[in-house]
J.: 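Next up is a structure, given as structure tokens.
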Amino acid sequence: MKSHDVHYWRRRLLVAFLRRRQLLARNAVNRYRNRSGLDTAGTDHGPRNLARDSQNPDLLVPPSTDQGTLPNLRFSFSDAHMRLTSGGWTRQVTVRELGISKDIAGVNMRLNAGSVRELHWHKEAEWAYMLYGSARITAVDPQGHTFVDDVGVGDLWYFPGGVPHSIQGLNPDGCEFLLVFDDGGFDEDDTFLLSDWFKHTPNEVLSKNFGVPDSSFAHVPDPSELYIFAASVPGSLDADKIAGAIPVSPSFSHKMLAQQPIKTKSGTVRITDTSVFPASKTISAALVEVQPGGMRELHWHPNTNEWQYYLEGQARMGVFAASGQARTFDYHAGDVGYVPFAMGHYIENTGTTPLRFLEVFKSSYYADVSLNQWLALTPPELVNTHLKLDAQALDALHKEKSPVVPA
């Protein structure tokens, strides 16, 4: 077959594939509209982005219980600007992308094997969850105590604001991780970089500080060459530990997946705050897994806002904001969600595979209030006076929390 024939058939196959995907998206949206019983509003002939419509059916056809004008509570890392470097990439979701999130910002970063996130520090505290691969992290605290550790999938680290640190990808394929900062205005381009400081300090000052000749600093790279840059994979962990140095205590790392989870019939929850990870003084989190059809129960958080990161699966979240206001949002892997302080909400697995997501809080401790438990621990006559529930519903209330409920 001639080369131009090959290209012709490839184009034909690509066009057929895209048309098929568009048809599937249109059918999915139409099925949802028909099932909702709300198609009386009329058809939408476009222009339309069918792929986006199919990903967000509860925005296209909201439940009849939705009302009011809550702010947007969803943003996808897929819509964030990607910064590409010689050693990996990075992208961020901050208050500029998700305007409601003024207290927490998130960064998704990839380091190839050996590649280094340059030695740096920042004003904000940094909390991290390892998504893929493995990395070596280092830090030195203000007392001169040292820290070096290797972290893998499901591990956390926490560096207090102002503490200098580094991250380096390991064999065989580097790493990817989520960074969370305790300020929504954080900007990954606004950090204190080692090379940047050297470049903006006179050589005679550096010479006096380190007690070596000016010429020692003649070849310091320009900051544009670093930030995330390729390097050799480091040796053993023991080889990188500084002889005679006092290690940081408590540790800046934690194995979240090693925690014993709270188990229910339809999922698990692992809660990590200062009670199990003492170093993490400004960030607490929960790792939630919900089986198909299950749901993170109706609840709210009495201490702070909730920032979410969806790891896998698909979900629907309904948020109640008082004063008759409520909205529903749909989420997929790589999306960020947000629940303002004290607002009631649920997260339902709407897919056919497990749903996994992180709940993250700017707080030293984790706290939630279960609607079910609250009603179960309130005098039944008082509950019934409010809601007119039948005997079966009253008897079904649980005095113990069940954070994930079945279909």
Side-chain angles (χ1 to χ4, degrees), residues 76-94 97 105-122 124 126-140 146-159 163-181 186-199 219-241 252-257 309-312 333-336 356 358:
S76 177
F77 269 106
S78 295
D79 293 329
H81 168 72
M82 185 82 82
R83 177 176 176 177
L84 306 175
T85 75
S86 63
W89 52 258
T90 181
R91 53 190 176 178
Q92 59 184 345
V93 176
T94 72
E97 289 77 27
V107 172
N108 180 204
M109 188 173 290
R110 155 77 171 168
L111 301 177
N112 300 327
S115 293
V116 180
R117 170 65 172 96
E118 180 181 355
L119 285 160
H120 68 286
W121 72 98
H122 29 72
E124 303 82 1
E126 173 181 304
W127 182 96
Y129 180 90
M130 283 289 291
L131 300 168
Y132 170 82
S134 57
R136 180 159 301 167
I137 51 178
T138 73
V140 176
T146 63
F147 171 81
V148 57
D149 195 16
D150 289 348
V151 288
V153 174
D155 291 347
L156 312 179
W157 71 75
Y158 178 89
F159 298 131
V163 168
H165 54 278
S166 70
I167 314 161
Q168 186 170 17
L170 299 178
N171 282 326
D173 189 35
C175 58
E176 184 178 343
F177 44 88
L178 173 74
L179 300 174
V180 174
F181 298 90
F186 173 83
D187 190 330
E188 62 178 347
D189 295 329
D190 187 23
T191 56
F192 298 95
L193 303 177
L194 178 63
S195 62
D196 200 22
W197 196 9
F198 268 60
K199 269 299 185 183
H219 304 292
V220 173
D222 188 84
S224 64
E225 301 174 33
L226 301 179
Y227 189 79
I228 295 176
F229 62 95
S232 300
V233 176
S236 69
L237 180 61
D238 286 340
D240 269 357
K241 293 181 178 178
F252 286 151
S253 62
H254 176 75
K255 296 188 178 301
M256 192 181 203
L257 292 185
Y309 180 75
Y310 287 83
L311 295 160
E312 69 174 284
D335 288 350
V336 172
R356 294 176 64 243
L358 288 164

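What you see below is based on every heavy atom in this structure, not just the backbone, and it leaves out hydrogens, waters and symmetry mates. Only a predicted model underlies this, so the values are computations on that prediction, with no experimental measurement involved.
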J.: Which atom pairs, one a donor and one an acceptor, fall under 3.5 Å between side chains of residues 83-90 and the rest of the protein, sequence neighbours left out?
T.:
residue: Arg83; atom: NH1; partner: Asp189; partner atom: OD1; Å: 2.5
residue: Thr85; atom: OG1; partner: Gly87; partner atom: N; Å: 3.1
residue: Thr85; atom: OG1; partner: Gly88; partner atom: N; Å: 3.1
residue: Thr85; atom: OG1; partner: Gly88; partner atom: O; Å: 3.1
residue: Thr85; atom: OG1; partner: Ile228; partner atom: O; Å: 3.1
residue: Thr90; atom: OG1; partner: Glu188; partner atom: OE1; Å: 2.5

J.: Identify the two heavy atoms, one from Ala113 and one from Val233, that lie closest to each other, and give their separation to 0.1 Å.
T.: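 That closest heavy-atom pairing would be C-CG2, 3.9 Å.
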J.: If you round to the nearest 0.5 Å, how far is CZ of Phe192 from CG of Leu119?
T.: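 One finds 15.0 Å between CG of Leu119 and CZ of Phe192.
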J.: Under the rule for ring pair (Phe, Tyr, Trp, His ring centres under 6.0 Å), what residues qualify as partners of Phe177, not counting sequence neighbours?
T.: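 Only Trp157 meet the ring pair (Phe, Tyr, Trp, His ring centres under 6.0 Å) criterion with Phe177.
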J.: So is Arg356 actually on top of Tyr310's ring, under 6.0 Å and inside 45° of the axis?
T.: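 The answer is no; the distance or angle limit is not met.
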J.: Going by distance alone, is a donor N or O of one side chain under 3.5 Å from an acceptor N or O of the other, for Asp173 and Tyr132?
T.: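 On atom types as modelled, these side chains qualify, holding a pair under 3.5 Å.
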J.: Applying side-chain hydrogen bond (donor to acceptor under 3.5 Å, both in side chains), name anything that partners Asp335, two or more places apart in sequence or on another chain.
T.: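 With sequence neighbours excluded, Asp335 shows a side-chain hydrogen bond (donor to acceptor under 3.5 Å, both in side chains) to Arg74, Ser76, given in chain and number order.
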J.: To check you understand the geometry: which heavy-atom pair defines the closest contact between Ala135 and Cys175, and what is its length?
T.: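 Answer, listing the atom of Ala135 first, then Cys175: CB-SG, 3.7 Å.
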J.: Mind checking whether Pro234 and Leu170 have side chains closer than 4.5 Å, heavy atoms only?
T.: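 Result yes, sub-4.5 Å side-chain heavy-atom pair found.
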J.: Taking the side chain as everything from C-beta on, heavy atoms only, tell me whether Ile167 gets closer than 4.5 Å to Glu126.
T.: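 Result yes, sub-4.5 Å side-chain heavy-atom pair found.
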J.: So which heavy atom on Phe159 is nearest to which on Ala139, and how close?
T.: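 So the minimum-distance heavy-atom pair works out to CE2-CB, 3.7 Å.
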J.: Is there a side-chain contact between Tyr129 and Leu358 (heavy atoms, below 4.5 Å)?
T.: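 Yes, their side chains come closer than 4.5 Å.
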J.: To check you understand the geometry: which heavy-atom pair defines the closest contact between Ser195 and Pro223, and what is its length?
T.: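 Scanning both residues, the minimum pair turns out to be OG-CA, 3.4 Å.
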J.: Please tell me if the side chains of Thr138 and Asp240 come closer than 4.5 Å, counting only heavy atoms from C-beta onward.
T.: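 No, every pair of side-chain atoms sits at 4.5 Å or beyond.
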J.: Looking at Arg91 and Ala80, what are the two nearest heavy atoms and their distance?
T.: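 Answer, listing the atom of Arg91 first, then Ala80: CB-CB, 4.2 Å.
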J.: Just checking Phe181 against His122, ring centres under 6.0 Å apart?
T.: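 For Phe181 and His122, the ring centres are under 6.0 Å apart.
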J.: For the backbone of Gly235 and the side chain of Arg136, can you confirm whether one donor and one acceptor N or O come within less than 3.5 Å of each other?
T.: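 Yes, because the side chain of Arg136 sits within donor-acceptor range (under 3.5 Å) of the backbone of Gly235.
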J.: With a 3.5 Å cut-off and no angle check, do the side chains of Asp238 and Ser236 form a donor-acceptor pair?
T.: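 There is no such pair (donor and acceptor under 3.5 Å, judged by atom type) between the side chains of Asp238 and Ser236.
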J.: Do Lys241 and Thr146 touch side chain to side chain, with heavy atoms closer than 4.5 Å?
T.: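 A side-chain contact under 4.5 Å is absent here.
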J.: Can you measure from CG (Asn108) to CG (Leu131) and round to the nearest 0.5 angstrom?
T.: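 If we round to the nearest 0.5 Å, Asn108:CG and Leu131:CG are 6.5 Å apart.
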J.: Measure the shortest side-chain to side-chain distance between Leu179 and Phe186 over non-hydrogen atoms and say whether it is less than 4.5 angstrom.
T.: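 Counting from C-beta outward, Leu179 and Phe186 never come under 4.5 Å.
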J.: Between CG of Leu257 and CG of Leu156, what distance do you get to the nearest 0.5 Å?
T.: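 Atom-to-atom, Leu257:CG and Leu156:CG are 8.5 Å apart.
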J.: With side chains defined as the heavy atoms from C-beta onward, is the minimum distance between Ile137 and Met130 less than 4.5 Å?
T.: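 Not in contact.
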J.: Do Leu237 and Asp149 make a side-chain contact, defined as non-hydrogen atoms from C-beta onward lying under 4.5 Å apart?
T.: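 Heavy-atom side-chain distance check passes, below 4.5 Å.
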J.: Measure the CZ-CD distance between Arg110 and Glu176 for me, rounded to the nearest 0.5 Å.
T.: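 Rounded to the nearest 0.5 Å, the CZ-CD separation comes out at 7.5 Å.
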J.: Got a donor-acceptor contact below 3.5 angstrom from the Gln168 side chain to the Ser232 backbone?
T.: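 Side chain of Gln168 to backbone of Ser232, a donor-acceptor pair under 3.5 Å: yes, one is there.
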J.: Mind checking the CD-CG spacing from Gln92 to Asp187? Nearest 0.5 Å is all I need.
T.: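 It comes to 4.5 Å.
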J.: Can you check whether Tyr227's main-chain N or O pairs, donor with acceptor, with Glu118's side chain at less than 3.5 Å?
T.: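 Answer holds: yes.
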